[in-house]
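For reference, the structure discussed in these notes is given below.
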Amino acid sequence: MPVNDPELVGAVLGRLGLDGSQDSPGDGGGTLFDTVLTSREIRTPGRDFITAVADAAPEGVLADVIRRDDRDALDSYLWGRDILDLLEENPSVRFTAERLLELLRPLQARQYSISSSPLASPDRIHLTVASVRHSSGPGARSHGGVCSTYLSDRIADGDLTGIWLQPNAAFSVPEDGSRPVIMVGPGTGIAPFRGFLHERAESGATGSNWLFFGDQHRATDFIYEEELTGLSERGVLTKLSLAFSRDQAEKVYVQTRMRQEAEELYRWLEDGAYFYVCGDASRMAKDVETALLDVIAGQSGGSENAAQEYLARMKKEKRYVRDVY
C-alpha cells in the first residue's frame, strides 16, 4: 500500500520530541513510526490537527487566520503546507503519541484512472502517474506527493504493493462502437483515453475518435507521443488536437483548440458524439465546459440558455461524462 516518506515521518516525530521506536498506542501493534508511516495522513493536514495546532499556539499565524473566519484565506494559507510545515511554524506545539494519532486522519486513498484496456492488456493494468514535487523557493524544503513519489522513488521493480479498485461504470466507451468519441485529457488526464483508444482498436469499433491533449512543453510533456502517432497512422485516432501552453508567447490550452475548431466539434456533437473530460476539476474542467457551451451556442445560433439545455440533454443521454479530481 502507499506509504509516507520515511524522512518526513521522522522529521514530524522529531519536531514533537517523540521516539518513533516506541510501541504504537492502541491495538495496532508495531512502532509509532510504522503506524504514522503506513496509516496516517501527514501531507494534507486535517481539520482536527489544524484546530489543535491553532489552540496550542494562539499567537501563531495559523490561529490568526482561523480567528478571521475566512475560508478562502485559510485555504490559501494551507495550500502546499503539510503537517511538518505547521509544526515548524509553531515550534511550541507538543503532542503525546496518543494525541498525535488521534489528530492525524487515516491515510487517504490516492486514485488514478486506469490507462490500459483489458482487451489489449489482459494480464496487466497500466497507470499514468506524474510525480508531484514542489517547493516554495530556492533553499526551501521540497514537498512530494505521497503515492506518486512512493511509486517513483520508494518502490522497486518487482516489489508488491496494495491496490484498491473503484469501478466507474459511467466512464466507459459507448456500447455502440459506431458512435464518435471526443476526449479532452490534458496532462495525465490522458490516462483513461489511452485505454479507450486501445479498447476501440481491439473491439473493432468503427466510430471516429478525437483527442484533445495538452501540457506545458511539447519537447518534455508530450507523453505517449509515439503511441498516439501510431494510433493516428493506423486510423484509430481520427483527429489529434494539441495544445502546449508554454511553447509560444500566447498561452494555448485545450479549450483554446476547442474554440478554434468549433465548427467541426459541433458537427461531431450533432452526429451523436460522446464527449469525455478527464483531469483537473478546479480549473480545466470548468474552462472546458465553458468552451463547450460557447461552441454549442455559437454554432447553433442559439442563446446561452439553449446551449445549457443542449448540454443537459447530453448529460441525460450519458454523452457528456467527466472524470475529474
- [ ] Answer yes or no: is there a donor N or O on one side and an acceptor on the other, between the side chain of E227 and the main chain of I223, under 3.5 Å?
- [x] no

- [ ] Using ring-ring contact (aromatic ring centres under 6.0 Å, His included) as the criterion, point out the one residue from Y253, F222, Y224 that pairs with F213.
- [x] F222

Open item on the list: What I want to find out is whether D85 reaches R141 closely enough, with some N-O distance under 4.0 Å, to be called a salt bridge.
Closed with: yes

Task: Side-chain donor-acceptor pair present, T161, R154, cut-off under 3.5 Å - done: no

Open item on the list: Looking only at side-chain N and O atoms, does S208 offer a donor or acceptor that is under 3.5 Å from a partner on W268?
Closed with: no

Task: R218 with D247: basic N within carboxylate O range, under 4.0 Å - done: no

Task: Cation-pi, Y77 ring and R81 (6.0 angstrom, 45 degrees) - done: yes

Task: T206 side chain to S178 side chain, donor-acceptor N/O pair below 3.5 angstrom - done: no

TODO: Measure the shortest side-chain to side-chain distance between I50 and P45 over non-hydrogen atoms and say whether it is less than 4.5 angstrom.
DONE: yes

Open item on the list: Same cluster or not: V173 versus V184, using hydrophobic residues (I, L, V, M, F, W, Y) connected whenever any side-chain heavy atoms lie under 4.5 Å apart?
Closed with: no

Task: Non-hydrogen side-chain atoms of L74 and D70 separated by less than 4.5 Å - done: no

Open item on the list: Testing the 3.5 Å rule here: is there a donor-acceptor pair between the side chains of Q108 and T44?
Closed with: no

Task: Check: R40/N4 side-chain N/O donor and acceptor closer than 3.5 Å - done: no

TODO: Could you tell me whether D64 and R68 make a salt bridge, using a distance below 4.0 angstrom between a side-chain N and a carboxylate O?
DONE: yes

Task: Evaluation steps, ring pair (Phe, Tyr, Trp, His ring centres under 6.0 Å), between F193 and F212 - done: CA-CA 10 Å; F193 304 136; F212 287 87; over 10 Å; no

- [ ] Consider only side-chain N and O atoms of N305 and S303, and report whether a donor and an acceptor are under 3.5 Å apart.
- [x] no

Open item on the list: Parallel, tilted or perpendicular, judged at 30° and 60°: which one describes the rings of H134 and H143?
Closed with: parallel

TODO: Measure across V93 and L16 and return the closest heavy-atom pair with its distance rounded to 0.1 Å.
DONE: O-CD2, 3.8 Å

Open item on the list: Please identify which of these residues, R43, E7, E89, R15, meets the side-chain contact (heavy atoms from CB on, under 4.5 Å) condition with L84.
Closed with: R15

TODO: State the OG1-CZ distance between T188 and R194, to the nearest 0.5 angstrom.
DONE: 13.5 Å

- [ ] Decide yes or no on side chain to side chain contact (heavy atoms under 4.5 Å, CB included) for Q166 and W164, but give the supporting numbers first.
- [x] CA-CA 7 Å; Q166 182 179 19; W164 171 62; 3.9 Å; yes

TODO: Assess whether side chain to side chain donor-acceptor pair (under 3.5 Å) is satisfied between S116 and S121, documenting all intermediate values.
DONE: CA-CA 7 Å; S116 57; S121 178; 4.9 Å; no

Open item on the list: Looking at K315 and E309, is there a salt bridge between them, counting it only when a charged N and a carboxylate O are closer than 4.0 Å?
Closed with: no

Task: Polar side-chain atom of R179 near backbone of G207 as donor-acceptor pair, under 3.5 Å - done: no

Task: E270 bridged to R267 by N-O distance under 4.0 Å - done: no

TODO: Decide whether S24 and T35 meet the rule of one side-chain donor and one side-chain acceptor closer than 3.5 Å.
DONE: yes

Task: Any side-chain donor near an acceptor of the partner, E317 and Y274, under 3.5 Å - done: no

Task: Donor-acceptor under 3.5 Å (D221 side chain, H217 main chain) - done: yes

Open item on the list: Is a donor from one side chain sitting under 3.5 angstrom from an acceptor on the other, for D287 and T290?
Closed with: no

Open item on the list: Is it the case that the side chain of S152 and the backbone of S148 share a donor-acceptor pair, with hydrogens and angles ignored and the cut-off at 3.5 Å?
Closed with: yes

Open item on the list: In terms of relative ring orientation, are Y276 and F171 parallel, tilted or perpendicular, with 30° and 60° separating the classes?
Closed with: perpendicular

TODO: Verify the distance criterion only: is there a donor paired with an acceptor across the side chains of D323 and S113 at less than 3.5 Å?
DONE: yes

